Amino acid sequence: MAKQEDQFKKVISHAKEYGYIFPSSEIYDGLSAVYDYGQNGVELKRNIREYWWKAMVQLHDNIVGIDASIFMHPTTWKASGHVDAFNDPLIDNKDSKKRYRADVLVEDYVAKIEGKIEKEVAKAERRFGESFDKAQFLSTNPRVLKYQEEANGILKRLGQSLEREDLADVKALIEELEIADPETGSRNWTDVKQFNLMFGTKLGASAESAIDLYLRPETAQGIFVNFLNVQKSGRMKIPFGIAQTGKAFRNEIVARQFIFRMREFEQMEMQYFIKPGTQKEWYEYWKEARLKWHHSLGLGEDNYRFHDHEKLAHYADAAADIEFRFPFGFKELEGIHSRTDFDLGSHEKFSNKKLQYFDPEENKSYVPYVLETSIGLDRMFLAVFSSALQEEELENGTTRTVLKIPAVLAPTKAAILPLVKKDGLPEIAKKIVDELKWDFNVDYDEKDAVGRRYRRQDAAGTPFCITVDHETLENNTVTIRHRDTMEQSRVKIEDLKSIISKETDMRYWLQKCEVTA
Ligand code: ATP
């Protein structure tokens with residue numbers, strides 16, 4: 001467990017150090033469960049999105065994309081069931097009549113324990129002066145360890161009760177810890193109730209005319225409300241799919257796992273409209289197709305498993321998650337849901353508009369059934385990034401940190417390095433950059449010894465390093481070094497483009513998994 005936590009901490013700090021992910025508004029101490037993607041992160045995210053889009057839209061002649069708005073008519077969320085059933089726990093104080101998030105009360109209690117740890121650190125810092133080793137103190141001081149254990153135990157129990165939807169235990173925890181209303185000190189609590197996860201906002205210039213809206217908690221509804229628009233304008237025949245990527249917002253309670261659970265995140269969803277009665281076949285088809293897509297990236301097949309839902313959502317007649325082995329264990333990465341005709345049927349009722357398809361083969365109209373694949377882009381990012389980060393022992397006894405991001409997704413495909421900063425080598429290296437940049441993201445680096453530059457590129461995830469040396473002046477060849485094997489070979493400058501293409505081209509990767517089947 002401690003090893004897993006260490007690995008997770010390394011992932012978070014590496015992501016920051018190498019420009020992948022920063023806490024949001026960090027200069028103001030950040031915003032909980034909100035993150036920004038840096039210069040490398042934005043490229044990796046773009047490449048994952050593109051890899052998904054190509055597999056789903058471009059390679060399927062019966063799947064098209066849309067880009068619906070984040071704001072939707074508020075009735076959408078009544079019809080979808082989110083207004084009534086998209087909830088988390090809330091507690092009221094009977095004396096003060098104040099309302100709190102049950103989990104936040106417990107988290108604040110834990111924060112106080114953490115405050116005590118900070119006080120111990122400050123005290124010890126004063127006592128030991130310059131020789132103070134904070135890391136060692138945190139891992140050995142008995143009082144700090146006791147506080148830490150207490151804090152971890154409370155958070156664990158809270159997480160487990162929420163996971164089980166055991167609201168009575170959340171209340172019991174609050175009572176056992178003797179948590180009082182922060183404003184009045186009263187411990188007279190109501191039972192814990194559910195709290196809706198949607199973020200509300202207002203549309204309109206004046207308070208009187210403003211209407212209440214929600215930030216969408218999923219992208220799927222933008223597809224359902226456009227079902228007929230796309231079907232008619234695209235003359236689509238069932239079965240057909242509509243895909244979309246975009247932001248979704250949830251006021252999450254348990255939001256302590258970096259980009260695994262964010263309050264603002266991005267989804268990549270596809271709704272596949274099918275004939276009622278064929279849902280079982282399509283469910284199996286999409287489970288397999290999606291797993292193949294994951295396997296095509298080579299992150300290790302034993303890092304994935306299916307988890308079939310026993311407790312089904314109100315809209316589903318079958319559902320499974322593709323789980324991934326994250327640094328904190330196997331957790332949901334993607335959901336495959338057989339949503340029946342719940343959504344279109346419900347939008348028909350609420351809108352009083354027919355949302356049906358005329359099937360020329362059956363010579364009748366019906367509300368199609370829907371098979372959905374829904375994956376979090378940020379979670380996919382975390383899957384790729386966390387499994388890519390490795391420490392390797394080398395033959396010479398040293399270790400190297402390497403980010404083995406699949407070459408097809410790597411932010412920078414190649415770094416061009418002049419061996420020395422003279423003798424015309426930088427000029428040739430820059431000419432190579434100028435040529436390759438039309439096809440790939442490439443980097444130029446001339447600072448430090450070449451060995452250090454290799455390490456830097458390994459840690460940043462760059463699959464190829466191309467070194468220009470004195471032999472280049474004689475015969476127009478360079479060395480190309482592969483990140484994963486560290487093998488080097490001598491190649492002609494004119495062959496670089498095709499060598500890099502071969503290993504970074506989406507065609508090469510996607511063909512491996514036959515997702516077009
Ligand atoms: P969980 O059980 O982890 O809360 P969910 O079952 O609510 O997830 P869905 O509503 O099925 O998730 O959403 C589909 C996908 O969107 C999930 O598989 C996940 O990859 C992603 N996702 C959902 N919530 C978040 C979040 N708060 N942060 C990042 N990604 C998310």
Side-chain angles (χ1 to χ4, degrees), residues 8 11-12 15 21-26 29-37 45 70 77 80-91 99-111 154-167 169-170 173-174 192-201 213-221 245-269 307 309 311 313-314 319 321 323-324 326-335 337 374-383 386:
F8 192 34
V11 165
I12 297 170
I21 298 167
F22 308 127
S24 158
S25 3
E26 198 185 5
D29 298 331
L31 184 64
S32 154
V34 185
Y35 292 91
D36 295 341
Y37 286 86
K45 201 174 169 198
I70 287 171
W77 306 110
S80 68
H82 283 81
V83 171
D84 294 325
F86 201 54
N87 300 318
D88 272 340
L90 187 88
I91 195 165
R99 176 164 276 201
Y100 294 96
R101 292 260 303 274
D103 59 311
V104 172
L105 287 178
V106 178
E107 281 171 359
D108 287 350
Y109 182 90
V110 170
I154 294 170
L155 289 177
K156 192 167 168 206
R157 175 156 160 212
L158 174 68
Q160 285 172 344
S161 318
L162 290 171
E163 190 82 34
R164 290 198 309 270
E165 290 194 36
D166 185 351
L167 300 183
D169 192 56
V170 177
L173 182 60
I174 289 174
V192 177
K193 288 183 300 235
Q194 295 287 21
F195 155 81
N196 197 285
L197 285 182
M198 285 196 292
F199 283 102
T201 185
L213 290 188
Y214 296 105
L215 297 184
R216 67 181 177 197
E218 64 174 29
T219 56
Q221 298 304 323
T245 71
K247 288 272 173 130
F249 303 83
R250 295 181 188 180
N251 204 357
E252 295 278 4
I253 291 177
V254 185
R256 224 170 288 106
Q257 284 164 321
F258 194 39
I259 58 167
F260 179 82
R261 191 177 297 287
M262 299 156 94
R263 298 211 159 94
E264 171 181 342
F265 58 101
E266 195 164 333
Q267 291 186 312
M268 307 191 287
E269 296 198 299
H307 167 78
H309 287 205
K311 178 174 169 268
H314 57 281
D321 297 335
E323 294 186 337
F324 185 77
F326 287 100
F328 37 84
F330 270 104
K331 286 269 163 10
E332 172 178 347
L333 169 59
E334 170 158 7
H337 309 129
S374 174
I375 175 169
L377 175 49
D378 313 270
R379 278 196 197 173
M380 186 62 200
F381 186 113
L382 185 59
S386 60

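This is a predicted model, so every value here is computed, not measured.
Looking only at side-chain heavy atoms (C-beta outward), R250 and E218 come within less than 4.5 Å of each other. Inter-residue side-chain proximity for V83 and M198 is flagged as met; some heavy-atom pair is nearer than 4.5 Å. The shortest distance between side-chain heavy atoms of L215 and K247 does not fall below 4.5 Å.
Going from atom CD1 of I21 over to atom CG of D378 covers 8.0 Å, rounded to the nearest 0.5 Å. To the nearest 0.5 Å, atom CZ of residue F86 and atom CH2 of residue W77 are 9.0 Å apart. A distance of 12.0 Å separates CD1 of I70 from CG of L213, quoted to the nearest 0.5 Å. With values rounded to the nearest 0.5 angstrom, D103 atom CG is found 10.5 Å from E252 atom CD. Taking OH from Y214 and NE2 from H82, the interatomic distance works out to 11.5 Å, rounded to the nearest 0.5 Å. Here the CD1 atom belonging to I375 is positioned 10.5 Å from the CD atom belonging to Q267, to the nearest 0.5 angstrom.
The two residues G246 and T219 have their closest heavy-atom pair at O-CG2, 3.5 Å. The minimum heavy-atom distance linking I91 with A102 is given by the pair CG2-CA, 4.0 Å. Closest approach of S25 to L31, counting heavy atoms only: OG-CB, 4.3 Å. Contact record, F265 with P217: CZ-O, 4.4 Å, taken as the closest heavy-atom pair.
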Check the pair F199 / R263 against side chain to side chain contact (heavy atoms under 4.5 Å, CB included), numbers first and verdict last. CA-CA 9 Å; F199 283 102; R263 298 211 159 94; 4.2 Å; yes
Test log, rule side chain to side chain contact (heavy atoms under 4.5 Å, CB included), inputs F324 and L382: CA-CA 10 Å; F324 185 77; L382 185 59; over 6 Å; no
Show the numbers, then the answer: is there a side-chain hydrogen bond (donor to acceptor under 3.5 Å, both in side chains) between S80 and Q221? CA-CA 7 Å; S80 68; Q221 298 304 323; 4.5 Å; no
Can you check side chain to side chain contact (heavy atoms under 4.5 Å, CB included) on E332 and H307, steps first, answer last? CA-CA 8 Å; E332 172 178 347; H307 167 78; over 6 Å; no
Decide side chain to side chain contact (heavy atoms under 4.5 Å, CB included) for E266 and T245; before the verdict, give the C-alpha distance in whole Å, the side-chain angles of both, and the deciding distance to 0.1 Å. CA-CA 7 Å; E266 195 164 333; T245 71; 4.1 Å; yes
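For the pair R379 (side chain) and L333 (backbone), a donor-acceptor distance under 3.5 Å is absent. Checked by atom type and distance alone, the side chain of D321 never pairs as donor or acceptor with a backbone atom of E323 at under 3.5 Å. Not a single donor-acceptor pair under 3.5 Å links the side chain of N251 to the backbone N or O of N196.
Just one of Y35, F258, Y37 meets the ring-ring contact (aromatic ring centres under 6.0 Å, His included) condition when paired with F381; it is Y37.
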